[in-house]
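Labels below follow one simple rule: chain letters A, B, ... track the order of the sequence lines, proteins then strands, and each chain is numbered from 1. Here the structure is a predicted model, which is why all the values come from computation and not from measurement. Computed from heavy atoms alone, side chains included, the values below leave out hydrogens, waters and symmetry copies.
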Amino acid sequence: MGRAMTDRFDFKTADRRWQQRWDEAQCFAADSASSKPKSYVLEMFPYPSGRIHMGHVRNYTMGDVLARFRRMQGFEVLHPMGWDAFGMPAENAAMEKKVHPGTWTRENIATMRGQLKRIGFALDWSRELATCEPDYYGHEQALFLDLMDGGLVYRKESEVNWDPVDMTVLANEQVIDGKGWRSGAAVERKKLSQWFLKITDFAEELLDGLGTLDQWPDKVRLMQENWIGKSRGLQFCFRLAETTPGGQCDVDVFTTRPDTIFGASFVAISPGHPIAEAMAAERPEVAAFIAKARQGGTTAAEIETAEKLGFDTGLEVVHPLDPNWRLPVWIANFVLMDYGTGALFGVPAHDARDFEFATKYDLPVRRVVAADASGAAAPVVEVENGDGIAVNSQFLDGMCTAEAAAEVIRRAEAAGWGKGTTQYRLRDWGVSRQRYWGTPIPVIHCESCGPVGVPRDQLPVVLPEDVSFDVPGNPLDRHSSWNKVDCPACSSPARRETDTLDTFVDSSWYFIRFASQPDDKPFDRAEAEQWLPVGQYIGGVEHAILHLLYARFWTRALERIGKIGIKEPFKGLFTQGMVTHETYKSADGRWLNPVEIEVADGGRLIERATGAEIERGRIEKMSKSKKNTVDPEPILDRYGADAVRWFMLSDSPPERDLEWSEGGIEGAARFVQRVWRLAQSPAGNQGEDLALRKKMHRAIAAVGEAIEGLQFNKSVAALYELTNATEKAGPSADRDLAIKALLLLVSPGAPHLAEESWMSRGEEGMIADAAWPSHDPALLIDDEVTIAVQVNGKLRDTLTAPRGSVKDVIEAQALALPKIQAQLGGNAPKKVIVVPDRLVNIVA
RNA sequence: GCGGACGUGGCGGAACCGGUAGACGCUGGAGACUUAAAAUCUUCUGCCCAAUGGGCGUGCGGGUUCGAGUCCCGCCGUCCGCACCA
């Protein structure tokens with residue numbers, strides 16, 4: 001037969017063989033009833049966009065290494081996979097390709113499941129779920145009703161991006177340069193009545209809870225802290241000099257800088273403020289201004305970078321600390337209705353936006369903060385938003401910013417015109433989406449009863465299948481046989497809610513459903529608590545705020561209403577970097593995929609199809625628009641699962657971006673073959689090799705530590721070192737042990753290779769069931785150390801000495817070195833610093 | 001605009017708590033094996049110079065220290081998030 005198998009690792013056979021064996025043995029099915037300690041490893045579940053991309057491969061490889069490592073350490077591991085299957089792309093596909101969103105999504109899932117299986121992930125496929133199936137979203141509807149019963153759901157008006165031509169709501173992503181992506185019409189902000197979850201009730205808890213998340217990256221905790229944005233300040237009331245057409249007689253404002261109250265030169269209200277709206281009803285020019293201010297999308301970035309627009313209402317308010325001082329009331333486009341009270345007082349000298357606004361509309365700029373009292377008269381030429389000493393502020397003069405703020409709050413409270421309050425930047429979570437492909441909100445609107453929850457015995461509220469996407473807008477609105485129902489309370493004709501839930505709701509509890517999935521309820525509390533919280537959660541940084549905050553909130557909300565006994569869903573969090581690739585652009589400006597180009601002589605790049613030279617662009621995140629994606633599937637065909645997995649772990653630290661390169665995957669494939677070749681060397685040798693044994697123990701310690709800390713690139717480097725040393729060593733019993741250890745250490749990253757090698761060496765059972773090797777700490781330490789000898793901090797020589805040598809001996813040895821003598825030139829050293837077992841620094 | 005990060009050879013990166021900068025990999029050079037190629041193996045590879053030695057080096061400019069990639073202050077550049085993309 002002349003099998004070439006022993007020369008080359010045949011991944012085509014091995015990958016399939018071991019994937020099948022693991023499957024048959026149900027190796028990775030998690031047993032909730034197991035008596036072993038439990039470990040829950042979870043990667044953020046994918047959106048089924050069509051095909052697996054390199055970002056998925058990287059993410060799931062990291063989780064897989066950890067899951068397999070934990071299993072080897074003796075844990076009962078839960079490592080599940082599912083599909084975040086609702087979302088806009090399915091509706092876009094429906095419009096473009098005339099395919100039902102469900103069909104498109106389920107086909108994508110089937111494709112991607114097959115792709116994931118080829119990579120050999122240690123997943124418990126028996127727990128697979130897809131959020132677009134009624135057996136998932138029906139339970140979500142039940143939880144929504146639970147939150148309603150718990151008083152955590154309410155309705156209010158809020159603004160959406162409105163396309164006036166297509167007459168449809170647009171996602172932020174669908175607004176390009178202030179225009180609708182399909183119609184090209186200028187987008188407006190429109191008010192709509194929507195469902196909200198009371199996340200602000202949890203602002204303080206969510207903030208406090210960050211303190212308990214010591215296995216989260218600091219940057220993520222900091223970002224969440226800033227997002228919640230707790231600030232202390234003064235809320236107070238400006239009395240209007242005259243009553244408005246709407247009958248209002250005062251304006252509530254909030255400020256984090258009460259110390260600057262004497263620097264006020266105007267009051268600005270949001271275009272959505274009740275006073276503005278009341279005036280708009282009376283005065284067409286106000287209405288026109290508000291319409292203008294509402295042009296453009298709803299995103300913070302857009303609102304804050306838009307040109308500042310103001311409208312002087314002619315109204316005036318009275319300054320609370322000076323009855324003779326009146327301030328004009330403006331409507332301004334940069335004031336957000338959702339933050340604070342929707343109104344503020346402008347202090348141009350000490351706030352950047354106020355400064356810009358005042359400069360444009362020629363409003364006074366008054367200095368009320370200076371570095372010291374002598375700076376009181378200095379003009380303010382650019383905004384000064386730092387702290388300092390109060391000036392030009394009557395009784396506040398001379399106080400520092402904090403004192404002055406406290407004093408204003410004290411006086412306001414004493415006189416009753418305001419009070420010190422805590423304000424959060426966090427806003428309640430609007431969950432209504434005017435779209436078909438999402439979880440139907442289980443509510444029925446009745447003219448006499450108002451909104452009524454769908455009775456639980458009528459759940460799930462299933463999406464109708466017979467819908468069309470040939471007209472813009474939500475098909476559920478047009479589907480009268482679905483949305484016309486009787487009120488569950490009074491039986492009169494009513495209308496089903498046609499909005500669906502934000503897909504972030506779907507991803508706010510899937511980790512609980514993975515842990516426990518009974519048919520008759522969302523989860524079994526006791527079983528879920530066996531596994532939760534998730535021990536290690538892994539995913540992209542782009543989810544650092546929204547998804548992670550919503551999931552934390554949802555968990556706490558369930559805890560508050562008594563559904564579960566945990567407050568934080570994710571004990572450990574790891575945010576991995578992106579997979580990037582060079583970009584290529586032809587002379588006529590087309591982006592080209594890496595498979596469309598080839599390298600000509602001299603390293604020039606040319607387009608295969610045309611032979612024309614092309615330009616090498618910057619390294620960017622793999623994306624369809626830049627065409628710099630590398631499809632994992634052909635790579636799997638060519639190099640096998642382990643090489644791909646290994647490359648994903650090798651080059652870059654996991655939290656940083658990984659650049660896909662041909663050289664990188666080749667290097668990984670070469671390593672796979674090296675290990676295989678090493679595993680083929682005959683076993684059963686005699687004799688010791690202490691140096692190699694030490695290296696083996698060091699590698700066991702280093703690899704374990706690196707995986708524990710999710711520093712996979714370091715574990716790879718340690719394995720290369722062990723491989724190098726083992727290859728060089730002559731036959732010995734220690735070398736046989738080193739090979740065995742190498743296979744165990746390599747197995748979480750390259751499991752097919754490890755299994756095949758394990759079997760070929762005649763080892764018992766599957767390596768998937770083997771235990772992680774232990775190391776002998778005594779073998780990690782060397783008896784001799786190399787000590788650096790510096791003169792004035794510069795390395796001049798080294799010396800070797802027994803570990804733990806006394807200072808004086810080392811110092812004498814260092815001074816006796818010829819190179820050091822030469823440096824000193826006969827002079828006595830001024831000072832000598834000795835760091836035991838490390839270095840000697842001689843100050844000359 | 002606001003918030004967060006990152007920056008080390010030709011490239012990806014390593015460096016415990018402030019203590020020998022460049023582990024490990026990629027690329028490249030030289031050599032071995034081969035009829036040849038591939039594969040594999042050996043060896044070198046931060047830059048500069050008057051080269052068995054010396055100088056310079058962790059984005060830039062300062063500072064603290066016996067000693068700074070690491071700590072502090074000020075810049076520059078790049079990337080990510082901003083509430084309806086997932």
Whole-Å distance, A:Asn226 CG to B:C2 C1', equals 10 Å
By the rule that syn is within 90° of 0, classify the base conformation of [N] as syn or anti.
N     : value
B:G29 : anti
B:A39 : anti
B:C66 : anti

Could you measure the distance from the OG1 atom of A:Thr298 to the CD atom of A:Glu188? Nearest 0.5 Å is fine. 13.0 Å
A:Thr200 versus A:Asp428, side-chain donor and acceptor atoms under 3.5 Å: yes
When the nearest nucleotide of RNA chain B is assigned to A:Gly664 and to A:Val843 on a heavy-atom basis, which residue is associated with the more 5' position? A:Gly664
What does nucleotides 80-86 of chain B look like as a protein-contact string, B for base, S for sugar-phosphate only, - for none, at under 4.0 angstrom between heavy atoms? -SBBBSB
If a protein heavy atom is under 4.0 Å from the base, mark B; if only from the sugar-phosphate, S; if neither, -; do that for nucleotides 5-23 of chain B going 5' to 3'. S-S----SSSSB--BB--B
Extract from the structure each pairing of a protein N or O with an N or O of nucleotides 50-58 of chain B at less than 3.5 Å, listing the distance.
| from | atom 1 | to | atom 2 | distance (Å) |
| --- | --- | --- | --- | --- |
| B:G55 | OP2 | A:Arg796 | NH1 | 3.1 |

For RNA chain B, produce a single dot-bracket line, 5' to 3'. Pairs: Watson-Crick or G-U wobble, both distances under 3.5 Å. Symbols: ( ) within strand, [ ] crossing, | other strand, . unpaired. (((((((..(((......[....))).(((((.......))))).((((...))))..(((((..]....))))))))))))....
Tell me which pairs pass side chain to side chain donor-acceptor pair (under 3.5 Å) where either residue lies in residues 709-722 of chain A, with sequence neighbours left out. A:Gln711-A:Lys714
Mind telling me whether A:Trp509 and A:Tyr136 have parallel, tilted or perpendicular rings, with 30° and 60° as the class edges? parallel
With sequence neighbours left out, what residues match A:Arg425 under salt bridge (Lys or Arg N to Asp or Glu O under 4.0 Å)? none
Could you check whether A:Trp646 and A:Phe671 have their ring centres less than 6.0 Å apart? yes
Name the residue from A:Val840, A:Ile842, A:Leu799 that meets the side-chain contact (heavy atoms from CB on, under 4.5 Å) definition with A:Ile820. A:Ile842
